[in-house]
Amino acid sequence: MATWVKTDVITSNTTWTPSVTATYYKVYAVGGGGGGGATSSNGGREAVAGGGGGGGCAIRRYFGITSAAILIGGGGAGAAAVSGAGANRVGTTGGQTSFDPNSGTTIIGRGGSRGAASNIGLGTGNQATTGSGYGWGSMPDAPGGTATGGEQNFTGGYGAGGSIGSDQEL
């Protein structure tokens with residue numbers, strides 16, 4: 001018995017209808033990755049910025065579906081370039097991707113968290129506000145997106161945070 005595999009790669013929101021009849025369809029819903037942060041130093045103090053987290057991925061087999069609504073989450077935008085002393089900006093969170101079939105379970109891959117910058121934590125979106133106890137020279141990890149509804153659900157990789165070890169002028 002011959003096995004035939006056809007792959008459809010969907011990159012924008014659509015209503016999907018299979019072009020062939022198959023025993024089952026294997027679907028991957030991958031969220032967008034988070035955008036990275038940006039920073040500049042302040043009076044010789046150390047500054048660090050990091051990338052965003054990866055998108056989550058849900059995988060599921062579907063039997064007997066005839067259509068599905070698909071929403072594609074885009075990657076998060078990186079922070080705008082900074083100039084001047086002490087400027088910090090975070091990126092944006094990646095978008096959520098979902099596959100909602102006419103029958104069966106909806107799967108969702110959530111977007112990765114935005115990358116942070118020096119004294120701005122992930123919970124802060126305002127560049128003028130320091131976040132969550134992070135000081136110059138340190139920032140938190142950016143968690144990867146989660147996934148739901150799949151037979152297999154994977155969390156995206158994290159954007160590594162960091163610390164120079166001190167926030168003192170060298």
Side-chain angles (χ1 to χ4, degrees), residues 7-14 16 26-60 68-100 105-167:
T7 302
D8 289 336
V9 177
I10 310 296
T11 59
S12 61
N13 299 343
T14 189
W16 174 80
K26 190 171 188 179
V27 179
Y28 297 74
V30 182
T39 190
S40 66
S41 64
N42 182 5
R45 297 170 117 182
E46 297 87 354
V48 293
C57 177
I59 304 170
R60 185 172 199 84
I70 299 174
L71 299 176
I72 303 295
V82 296
S83 62
N88 297 293
R89 296 192 177 109
V90 294
T92 59
T93 299
Q96 176 174 293
T97 296
S98 64
F99 182 87
D100 185 9
T105 303
T106 298
I107 60 174
I108 297 171
R110 291 186 180 85
S113 295
R114 61 191 182 182
S118 202
N119 66 340
I120 295 183
L122 291 173
T124 316
N126 180 342
Q127 87 176 51
T129 306
T130 59
S132 306
Y134 292 94
W136 285 101
S138 66
M139 61 170 195
D141 292 341
T146 59
T148 60
E151 293 167 324
Q152 296 175 299
N153 296 302
F154 299 97
T155 298
Y158 68 94
S163 175
I164 295 174
S166 166
D167 68 352

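These numbers come from the heavy atoms of this one structure, side chains and all, not from hydrogens, waters or symmetry mates. None of these values were measured; they are calculated from a predicted model.
Using a distance-only test at 3.5 Å, with no hydrogens or angles considered, a donor-acceptor pair links the side chain of D141 to the main chain of G161. The main-chain N or O of P143 is found under 3.5 Å from a side-chain atom of S113 such that the two form a donor-acceptor pair.
Here the CD1 atom belonging to I70 is positioned 6.5 Å from the OG1 atom belonging to T14, to the nearest 0.5 angstrom. To the nearest 0.5 Å, the span separating CZ on R114 from OG1 on T93 amounts to 5.5 Å.
Scanning for side chain to side chain contact (heavy atoms under 4.5 Å, CB included) contacts around T11 gives V9, with sequence neighbours left out. The side-chain hydrogen bond (donor to acceptor under 3.5 Å, both in side chains) check on E151 picks up R61, with sequence neighbours excluded. Under the side chain to side chain contact (heavy atoms under 4.5 Å, CB included) criterion, T155 pairs with T146, not counting sequence neighbours. Not a single side-chain hydrogen bond (donor to acceptor under 3.5 Å, both in side chains) links N153 to another residue, sequence neighbours left out. The side-chain hydrogen bond (donor to acceptor under 3.5 Å, both in side chains) check on N13 picks up nothing, with sequence neighbours excluded. Remark: T105 pairs with R60 by the side chain to side chain contact (heavy atoms under 4.5 Å, CB included) rule, at least two apart or across chains. Residues meeting the side chain to side chain contact (heavy atoms under 4.5 Å, CB included) test with T97, sequence neighbours left out: A29, I72.
Put simply, the side chain of L71 does not reach to within 4.5 Å of the side chain of Q96, judged on heavy atoms.
What you find for R89 and A81 is that their closest heavy atoms are NH1-O, 2.7 Å.
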